Amino acid sequence: MAFSEGVVKKVILSYMYVSIWIFLSFTVIVYNKYILDRKMYNWPFPISLTMIHMGFCSSLAYIVVRVFKLVEPVSMSVDLYLKSIVPIGALYSLSLWFSNSAYIYLSVSFIQMLKALMPVAVYSIGVFLKKETFKNETMINMLSISLGVAVAAYGEAKFDVWGVTLQLLAVAFEATRLVLIQILLNSKGISLNPITSLYYIAPCCLVFLSLPWFIMEYPLLRDKSSLNLDFFVFGTNSFCAFALNLAVFLLVGKTSALTMNVAGVVKDWLLIAFSWSVIKDTVTPLNLIGYGLAFLGVGYYNHSKLQALKASEAQKRNQQQSDEESGKLLDEREGSANARKNENQN
């Protein structure tokens, strides 16, 4: 009975972590759209919004790591920081900048459909950088996802070339960042959770974004006489962005990355439904058909990755078991040899 109660408790907690992550991810996306859209809050300054997020998150991360010491910082040399963290921070800043910019031109639902290309981008860049092995079956899977997104884009009622370009660039930069994390950090045994990621990377983002901000947005903000920064709106928006990073840490740490991928699919469908029913964005049947095809491709890709992971873990267990049996056999042989040696001496 105690075992069954433990299982029930674990399942309930897992659903709670998933619900928290979906809620916060949903909230940040819709909140960003509300702030940046010219027909809503009408504050179309994506670089400034990203910098506000990074400033807020880096400050809180510093407090969590250095003041309250709730999370241990990673031992990192200046050379490692410059060669690993700085390029990852540059890519992250570009990804956030272009992703937030896309909300000015595209609907929430269509952006989620375009984000389905993330596995395609990650796999393609992984193959190019020799982190992934090229497989015909996987490439066919990637083409099916791309076809589904293309159909969804063809059926988009308010297609905007500039908005699509921005979102595709955001996907490309984010995919490159994820691959570089594996190459520059994970391969060296360095693992950053969302808090330490913000602690090290958010200040880099602020520095990289400051130049385009000074050139592109600062003159507009300076000349905008009616500008009145609403600290409640931007404060709560930034806090939601920080809380989302905590939720990612909680979800992946307490469940698995696969659970997060599955939850992400649920979140995407919820956002599409919300975009259609509440924001009144147009979602066409062709949109849904295309995204449905892409969704099946992404689902199959996640399933294949899970099976490969299980096979790898089973191989490691078998190898470990084989090594243990070989070690026991060797010990037995050495014991027998020593016993015979002692008998001969006697």
Side-chain angles (χ1 to χ4, degrees), residues 17 20-21 23-25 27-29 31-32 35-36 43 45-100 170 173-174 176-178 180-182 184-186 188-214 217-218 221 229-254 257 260:
Y17 299 140
I20 291 171
W21 179 80
F23 172 76
L24 287 170
S25 181
T27 301
V28 169
I29 290 171
Y31 212 159
N32 287 351
I35 291 173
L36 294 165
W43 202 77
F45 302 105
I47 305 177
S48 300
L49 182 63
T50 306
M51 290 181 72
I52 290 171
H53 286 173
M54 291 297 98
F56 185 88
C57 289
S58 59
S59 299
L60 280 187
Y62 181 86
I63 292 171
V64 170
V65 173
R66 290 297 181 184
V67 178
F68 293 108
K69 301 184 186 300
L70 298 175
V71 177
E72 284 292 326
V74 176
S75 178
M76 190 173 301
S77 65
V78 175
D79 183 65
L80 179 62
Y81 187 86
L82 292 176
K83 291 182 178 179
S84 299
I85 298 299
V86 170
I88 290 171
L91 290 167
Y92 192 41
S93 63
L94 291 169
S95 171
L96 292 173
W97 170 15
F98 291 136
S99 180
N100 283 333
F173 284 125
E174 178 64 9
T176 307
R177 182 183 76 91
L178 294 174
L180 282 187
I181 286 175
Q182 296 180 41
L184 299 178
L185 293 179
N186 294 354
K188 299 175 182 178
I190 298 173
S191 179
L192 297 180
N193 62 51
I195 301 300
T196 50
S197 292
L198 290 175
Y199 177 76
Y200 289 108
I201 294 174
C204 281
C205 292
L206 278 174
V207 173
F208 280 110
L209 290 171
S210 60
L211 180 61
W213 175 80
F214 190 79
E217 292 189 3
Y218 173 69
L221 290 166
L229 198 64
D230 191 325
F231 287 98
F232 175 78
V233 170
F234 290 98
T236 53
N237 178 249
S238 298
F239 182 79
C240 287
F242 181 78
L244 177 59
N245 280 278
L246 290 178
V248 171
F249 181 44
L250 193 67
L251 180 61
V252 176
K254 299 297 183 180
M260 184 175 171

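Model, not experiment: these values are computed from the prediction. The analysis underlying the following values was restricted to heavy atoms, covering all of them including side chains, and did not include hydrogens, waters or symmetry mates.
Y81 pairs by the side-chain contact (heavy atoms from CB on, under 4.5 Å) definition with M76, I85, V86, Y200, C204, not counting sequence neighbours. Residues meeting the side-chain contact (heavy atoms from CB on, under 4.5 Å) test with P203, sequence neighbours left out: S58. V65 is linked by a side-chain contact (heavy atoms from CB on, under 4.5 Å) to V71, P73, I195, Y199, counting only residues two or more places apart in sequence or in another chain. Under the ring pair (Phe, Tyr, Trp, His ring centres under 6.0 Å) criterion, F173 pairs with F98, sequence neighbours left out. With sequence neighbours excluded, the residues that form a side-chain contact (heavy atoms from CB on, under 4.5 Å) with L49 are N32, I35, L36, W43, H53, F234, N237.
In this structure, C57 and S238 approach most closely via the heavy-atom pair SG-O, 4.4 Å.
Remark: L198 CG to N245 CG distance equals 4.0 Å, nearest 0.5 Å. Distance check, rounded to the nearest 0.5 Å: CG of L206 to CD1 of I52 gives 10.5 Å. Distance OG/S93 to CD1/I47: 10.0 Å, rounded to 0.5 Å. Taken to the nearest 0.5 Å, the OH atom of Y92 stands 4.5 Å off from the CE atom of M54. Atom CG of residue L60 and atom CZ of residue F239 lie 7.5 Å apart, to the nearest 0.5 angstrom. The line from OG1 of T50 to CG of L96 is 5.5 Å long, rounded to the nearest 0.5 Å.
The environment of OH in Y218 is sparse: at most 12 heavy-atom neighbours from other residues, nucleotides or ligands sit within 6.0 Å.
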Inset, instruction - List the steps and the verdict of side-chain contact (heavy atoms from CB on, under 4.5 Å) for W213 and L221. - result: CA-CA 10 Å; W213 175 80; L221 290 166; 3.6 Å; yes

Inset, instruction - Let me see the working for I201 and C205 under side-chain contact (heavy atoms from CB on, under 4.5 Å), right down to the final yes or no. - result: CA-CA 6 Å; I201 294 174; C205 292; 4.0 Å; yes

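Residue pairs meeting the salt bridge (charged side-chain N to carboxylate O under 4.0 Å, His left out) criterion with at least one member in residues 59-79, sequence neighbours excluded, are D79-K83.
A donor-acceptor pair is defined here as one N or O able to donate and one able to accept, closer than 3.5 Å; such a pair exists between the side chain of S210 and the backbone of V207.
I190 has its side chain within reach of L80: a pair of non-hydrogen atoms, C-beta onward, lies under 4.5 Å apart.
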